[in-house]
Amino acid sequence: MSNVPVAVVTGSNKGIGFAIVRALCKQFPGDVYLTARDPGRGQEAVAKLKEEGLHALFHQLDIDDLQSIRALRDFLKEKYGGLNVLVNNAGIAFKVRDTTPFAVQAEVTLKTNFFGTRNVCAELLPLVKPYGKVVNVSSMASSSALGGCSQELQQKFRSDTITENELVELMTKFVEDTKKNLHEKEGWPNTAYGVSKIGVTVLSRIQARMLNEKRKGDHILLNACCPGWVRTDMAGPKATKSPDEGAETPVYLALLPPDADNPHGQFLSNKTVRTW
Ligand code: NAP
């Protein structure tokens, strides 16, 4: 088994994830795994970094596929006995002009952004080694969507005692409410992406609390962040930040020094803790 530190970035064949891998290749003292659901796109991205003189390793990972997540888990367990840095970056967003029915957009978006991210956490968090770092890439869209929720929902999502099961129930209810076209009446905002990212931010707060309760002595730091508005296939060419600039806050959180005890359980943008 290798003692080399290891970092894993989900959805990193392009966009912000790719830029996070690039930065980690330069700054992380260990093996860096670029992961992609499509091995062809993943290997191409690894080759692109090689042209820049950077060495990333590749492992397949589709966060929608539990078997794929478990294959990565088993590989990390066997080869490294765990992992040191996990960046949950993979995500999707329908374009504003997309005419897919809202209920379908809600189901598909939540499936990857919330449920997929949660499944990766469920399988990989137990493997994170002491002094490890976990970064969940959320979005400022989570804050604005929170503001668009009913007072009752806002209170639940801001609660310091909400459980992961309660959060899963709420995310499931959103999808069900959209199918009945009842979501606005039930206090939800009209954004599937925003609600999926509420899920990611609140999940991060819950997971950080669980780490405090169950693994306090392990000094693991777990946070959610927004990369900013970044020029990628998701956000388009008019966005203000380059992918490398978008990677800055996630990479800052992934590389917090071993003696840091914060931020933890926070939502950050531009390397600054934001009020949730
Ligand atoms: P992007 O260019 O569309 O890249 C998304 C990445 O996620 C791609 O590598 C994609 O792989 C991967 N992915 C999607 N579904 C996946 C799955 N089921 N399993 C594994 N990988 C999957 O988007 P981006 O702008 O870099 O976004 C990265 C993250 O930042 C997302 O979580 C996004 O919500 C968040 N974010 C972005 C912005 C922005 O302005 N760009 C702002 C706030 C937050 P494929 O190539 O196979 O599709």
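Whatever order the structure lists ligands and atoms in, that order sets their numbers, starting from 1. All values reported here derive from a predicted model rather than from experimental measurement.
Given atom 22 (C) of ligand 1, the protein heavy atom at minimum distance is A90 CB, 3.6 Å. Atom 48 (O) of ligand 1 has as its closest protein heavy atom R37 NH2, 2.8 Å. Nearest protein heavy-atom neighbour of atom 5 (C) of ligand 1: G91 O, 3.6 Å. The protein heavy-atom contact nearest to atom 2 (O) of ligand 1 is T232 CB, 3.5 Å. Looking at atom 1 (P) of ligand 1, its nearest protein heavy atom turns out to be K14 CE, 3.9 Å. M234 CB, 3.4 Å is the protein heavy atom nearest to atom 23 (O) of ligand 1.
Here L61 has backbone heavy atoms under 4.0 Å from ligand 1, and that is the only part of it that gets that close. Residue-level proximity to ligand 1 for K197 is carried by the side chain, the only part with a heavy atom below 4.0 angstrom. At a 4.0 Å heavy-atom cut-off, ligand 1 touches R41 through the side chain alone.
Distances from ligand 1 to the non-hydrogen atoms of P227 include at least one value under 4.0 Å. Within the structure, ligand 1 lacks A141 among the residues with a heavy atom less than 4.0 angstrom away. Not a single heavy atom of F18 lies less than 4.0 angstrom from ligand 1. Residue contact check for ligand 1: N13 places a non-hydrogen atom closer than 4.0 Å to it. For S138, the heavy-atom gap to ligand 1 drops under 4.0 angstrom. Using 4.0 Å as the threshold, D233 has a heavy atom nearer than that to some atom of ligand 1.
Using a 4.0 Å cut-off between charged side-chain N and carboxylate O, K241 and E248 make no salt bridge. In this structure, K180 does not pair ionically with E186, as no charged nitrogen and carboxylate oxygen lie closer than 4.0 Å. A salt bridge links E123 to R70: one of the charged nitrogens lies within less than 4.0 Å of a carboxylate oxygen.
Distances between N or O atoms of T112 and those of ligand 1 include no value under 3.5 Å. Looking at ligand 1, you'll find an N or O of I63 within less than 3.5 Å of one of its N or O atoms. At under 3.5 Å, not a single nitrogen or oxygen of A235, backbone or side chain, sits near a nitrogen or oxygen of ligand 1. The N/O atoms of S139, backbone and side chain alike, include none that comes under 3.5 Å of an N/O atom in ligand 1. Residue-to-ligand polar distances place V230 within reach of ligand 1: an N/O pair is separated by less than 3.5 Å. Between W229 and ligand 1, no N or O atom pair is found at a separation short of 3.5 Å.
Hydrophobic clustering keeps L83 apart from L255 (ILVMFWY residues linked when any side-chain heavy atoms are closer than 4.5 Å, directly or through intermediates). Under the 4.5 Å side-chain heavy-atom criterion for grouping Ile, Leu, Val, Met, Phe, Trp and Tyr, V87 is not connected to L61 through any hydrophobic cluster. Under a hydrophobic clustering in which Ile, Leu, Val, Met, Phe, Trp and Tyr are joined whenever their side-chain heavy atoms come within less than 4.5 Å, directly or via other members, V108 and L110 fall into different clusters. Transitive grouping of hydrophobic side chains (ILVMFWY, heavy atoms separated by less than 4.5 Å) keeps V137 and I206 in distinct clusters. Both V134 and I63 sit in one connected hydrophobic cluster of ILVMFWY residues. Membership requires side-chain heavy atoms under 4.5 Å apart, directly or through other members.
Distances below 4.0 Å separate heavy atoms of D64 from the following atoms of ligand 1: 18 (N). Which parts of ligand 1 touch G11 is read off a 4.0 Å heavy-atom cut-off, strictly below it: atoms 6 (C), 7 (O), 8 (C), 9 (O), 12 (C), 21 (N). When each atom of ligand 1 is checked for a heavy atom of I92 under 4.0 Å away, the hits are 14 (C), 15 (N). Close contacts between ligand 1 and G228 involve ligand atoms 38 (C), 39 (C), 40 (O), 42 (C), 43 (C) [criterion: under 4.0 Å to a heavy atom]. Near G15, meaning under 4.0 Å from one of its heavy atoms, ligand 1 places the atoms 2 (O), 26 (O). Near V137, meaning under 4.0 Å from one of its heavy atoms, ligand 1 places the atoms 29 (C), 30 (O), 32 (O), 35 (C). Listed by atom number, the atoms of ligand 1 under 4.0 Å from Y193 heavy atoms are 33 (C), 34 (O), 35 (C), 36 (N), 43 (C), 44 (C).
Heavy atoms of other residues, nucleotides or ligands lying less than 6.0 angstrom from CD of E52 number more than 12. Residue K129 qualifies as enclosed at atom NZ: its count of foreign heavy atoms under 6.0 Å is above 12.
Looking at D62, I20, N113, it is D62 that brings a heavy atom closest to atom 17 (C) of ligand 1. Of the candidates T35, N89, I16, it is N89 that places a heavy atom closest to atom 31 (C) of ligand 1.
Side-chain N or O atoms of R209 include none that pairs as donor or acceptor with a backbone N or O of S204 at under 3.5 Å. Using a distance-only test at 3.5 Å, with no hydrogens or angles considered, a donor-acceptor pair links the side chain of T178 to the main chain of V175. A distance-only check finds no donor-acceptor pair linking the side chain of Q60 to the backbone of P39 [under 3.5 Å].
I69 has its side chain out of reach of D65: every pair of non-hydrogen atoms, C-beta onward, lies at least 4.5 Å apart.
No close placement of the F114 and F174 rings is indicated, their centers lying 6.0 Å or farther apart.
Applying the ring-ring contact (aromatic ring centres under 6.0 Å, His included) test to every pair with at least one member in residues 242-263, sequence neighbours left out, gives no pairs at all.
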Show which side-chain atoms of residues 215-231 pair as donor or acceptor with protein atoms under 3.5 Å away, not counting sequence neighbours.
residue	atom	partner	partner atom	Å
R215	NE	D218	OD2	2.7
R215	NH1	L125	O	3.2
R215	NH1	V128	O	3.4
R215	NH2	V128	O	2.6
R215	NH2	D218	OD2	3.0
H219	NE2	G217	O	3.4
N223	OD1	H264	N	3.3
N223	OD1	G265	N	3.2
N223	OD1	Q266	N	2.9
N223	ND2	P263	O	2.9
R231	NH1	A239	O	3.1
R231	NH1	T240	O	3.2

